[in-house]
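We use all heavy atoms of the structure for the numbers below, so side chains are in, but hydrogens, waters and symmetry mates are not. None of these values were measured; they are calculated from a predicted model.
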Amino acid sequence: MNDVAPLPPITGSVSLAVPVEHAFAVFTGDINTWWPHQFHIGAADIAEVILEPRVGGRWYERGVDDSECDWGRVLVWEPPHRIVFTWQINGTWQYDPDPTKASEIEARFRSDGDHQSIVDVEHRLFERLDGGDAIRGAINGGGGWALLLEGYATSVKDHA
Amino acid sequence: METNGEGALGLLGDPSRRAIFELLARHPCSVQELTDLLPISRPAVSQHLKVLKDGGLVVSRAEGTRRIYQLRPDGVTALRTWLDGVWQDALTGFQKQAEASTPGLEPDPNDHLNDEPEER
């Protein structure tokens, strides 16, 4: 019996004019070139984003002051078709080393013709992260996540 | 990127608002502290804080004569909203990077004689 209401995953999909092997290589090996550097957790600006290419590898940011801030770990490494890695920054914006409290990101890579590929990304299991008590209460109290977000949209419109 | 409603984009789609949100993710701040860190006016900071507060992402408390703003303690809400925006930008960046660096499309340095204009 699981009494924690699941939070909906974030999903995205991109079509690429490149072979699937190249898509996987850029997604994993070149993550520093495409992950937007303005998004970071550490106090210092990001110098580099690193994803270590193996099961158990670290995913982390290195700051311009050489500080490091862990984001997660690689769970599944199946080049060039699949990678699963965790996001372990919780609702208090801290890294939580407990693997049972990790959200997961799965990226699947498939060919769509010789030089085309499709990448599907799903970031899921947000309910595992610590710091979600209030949102759980809101969901259990009726309406659910979609209504909560509609509330956001309405308040933005009302006050913009 | 799929979002459940327009809330995430509405709240953090504005660059100034996102900057304020990210500063508050690091530590609680007063309006003046945020104004000192950002290239926008104090009234503009206040207006953005109001939107973030009304949207449920930020709370405030009085501390002496100042009002201190911080991310709402039920931070997974805020975190997921933030990450929705992160992934939108990240996947757009990934697509550009992957297509810009594909081996088959990179110009051959020995092939200058056959250069063609990009647009016909």
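For A:I31, no part sits under 4.5 Å from any heavy atom of chain B, backbone or side chain. Proximity to chain B is absent for every atom of A:S117, based on heavy atoms less than 4.5 angstrom apart.
For B:R18 and B:F21, the positive end is not near the middle of the six-membered ring at less than 6.0 Å and at most 45° from its axis.
Here the side chain of A:H37 pairs a donor or acceptor atom with the backbone of A:N32 at under 3.5 angstrom.
Checked against a 6.0 Å centroid threshold, the rings of A:W77 and A:F24 count as neighbours.
Your options are A:I89, A:N90, A:V14, A:T33, and the one with the most heavy-atom pairs under 4.5 Å with chain B is A:T33.
The two atoms that bring B:Y69 and B:L24 nearest to each other are O-CD2, 3.4 Å, heavy atoms only.
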